[in-house]
Amino acid sequence: VMAATSVSFGQTQVFDFRGGSRLKESRARTGFSSYVKDPDGITRHMQVVDPDVNYRTFPAVAAGIKLGHKIAEPPANHLWIDYAGPPDTVPALSFIDVEQGKFDPAAVKGKVVVVGATASALQDLRTTSTTGQQSMTGPEVHANAILTALEGFPLQSGPWWVDVLLVVALGT
């Protein structure tokens, strides 16, 4: 699955060379991979493209490939990420070690693998609900979002009246 951060009319520019798309030839799929911060600066949700565009999130596409069927995504306001834990909870391998064969193949066999940069200089770091003062790398956020999709998006927003009840209860 190739990550795409911009979508125009349901199409991306992934493998789009000189006006002709090579995506179909590559047999790769694409998924929207951007995340939006909540008003407090914390990344808690997956971001979806306008539903009229009919474009799926990167985590749902990756989970669907793993499970062998399309994953039903809940409405956009219910795409909470269920983080497995703080940063470095998801196991990571160095790409150099993989390229040089210095890893145990059992560590990746049958698993969803996210390939991405983790260097802080690339600024793909996010504050999440589990990070405290430490940031989580973009690939680990993606891994947590994919795990959330594999688990069927278990976190849901509560009904609006619960918010009102809490405001009234805390205001007294």
Do Asp88 and Gln134 touch side chain to side chain, with heavy atoms closer than 4.5 Å?
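Touching, per the 4.5 Å side-chain cut-off.
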Do you know which two heavy atoms are closest between [X] and [Y], and how far apart they sit?
X	Y	answer
Leu125	Ser135	CB-CB, 3.8 Å
Ala63	Leu150	CB-CD2, 3.6 Å
Pro87	Thr130	CD-O, 4.0 Å
Phe153	Ala72	CE1-O, 3.6 Å

Hey, what do you get for [atom1] ([X]) to [atom2] ([Y]), rounding to the nearest 0.5 Å?
X	Y	atom1	atom2	answer
Ile81	Ile42	CD1	CD1	12.0 Å
Leu79	Leu155	CG	CG	11.0 Å
Thr118	Asp124	OG1	CG	9.5 Å
Met46	Ile146	CE	CD1	9.0 Å
Thr43	Asn144	OG1	CG	11.5 Å

Exam field: side chain Arg56 to backbone Ile71, donor-acceptor pair closer than 3.5 Å:
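Here the side-chain-to-backbone pair exists.
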Glu140 side chain vs Thr89 backbone, donor-acceptor pair below 3.5 Å:
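Between the backbone of Thr89 and the side chain of Glu140 there is a qualifying donor-acceptor contact (under 3.5 Å).
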Which one of Asp38, Asp82, Thr127, Thr128 satisfies the side-chain hydrogen bond (donor to acceptor under 3.5 Å, both in side chains) criterion with Arg44?
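Checked Asp38, Asp82, Thr127, Thr128 against Arg44; only one passes side-chain hydrogen bond (donor to acceptor under 3.5 Å, both in side chains): Asp38.
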What residue among His45, His142, Arg126 forms side-chain hydrogen bond (donor to acceptor under 3.5 Å, both in side chains) with Tyr35?
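Between Tyr35 and the candidates, side-chain hydrogen bond (donor to acceptor under 3.5 Å, both in side chains) is satisfied uniquely by His142.
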Residues that Ala143 engages under side-chain contact (heavy atoms from CB on, under 4.5 Å), provided they are two or more places apart:
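Testing Ala143 for side-chain contact (heavy atoms from CB on, under 4.5 Å), a comparison that skips the adjacent residues, returns Val90, Val114.
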Verify the cluster assignment for [X] and [Y]: are they in a single hydrophobic cluster under the rule of side-chain heavy atoms below 4.5 Å apart?
X	Y	value
Leu93	Val112	no
Val141	Leu147	no
Leu170	Val167	no

Establish, from distance only, whether the side-chain atoms of Thr148 and Trp80 form a donor-acceptor pair under 3.5 Å.
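Thr148 vs Trp80: no donor-acceptor pair found between side chains.
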Check residues 96-106 and write down every donor-acceptor pair under 3.5 Å in which the side-chain atom is one partner and the other belongs to a residue at least two apart or another chain.
unit_1: Gln100; atom_1: OE1; unit_2: Lys102; atom_2: NZ; d: 3.1
unit_1: Asp104; atom_1: OD1; unit_2: Ala106; atom_2: N; d: 3.1

Given the rule in the side chain to side chain contact (heavy atoms under 4.5 Å, CB included) test, do Ile65 and Val61 qualify, once you have shown the distances and angles that lead to the verdict?
CA-CA 6 Å; Ile65 290 171; Val61 174; 4.3 Å; yes
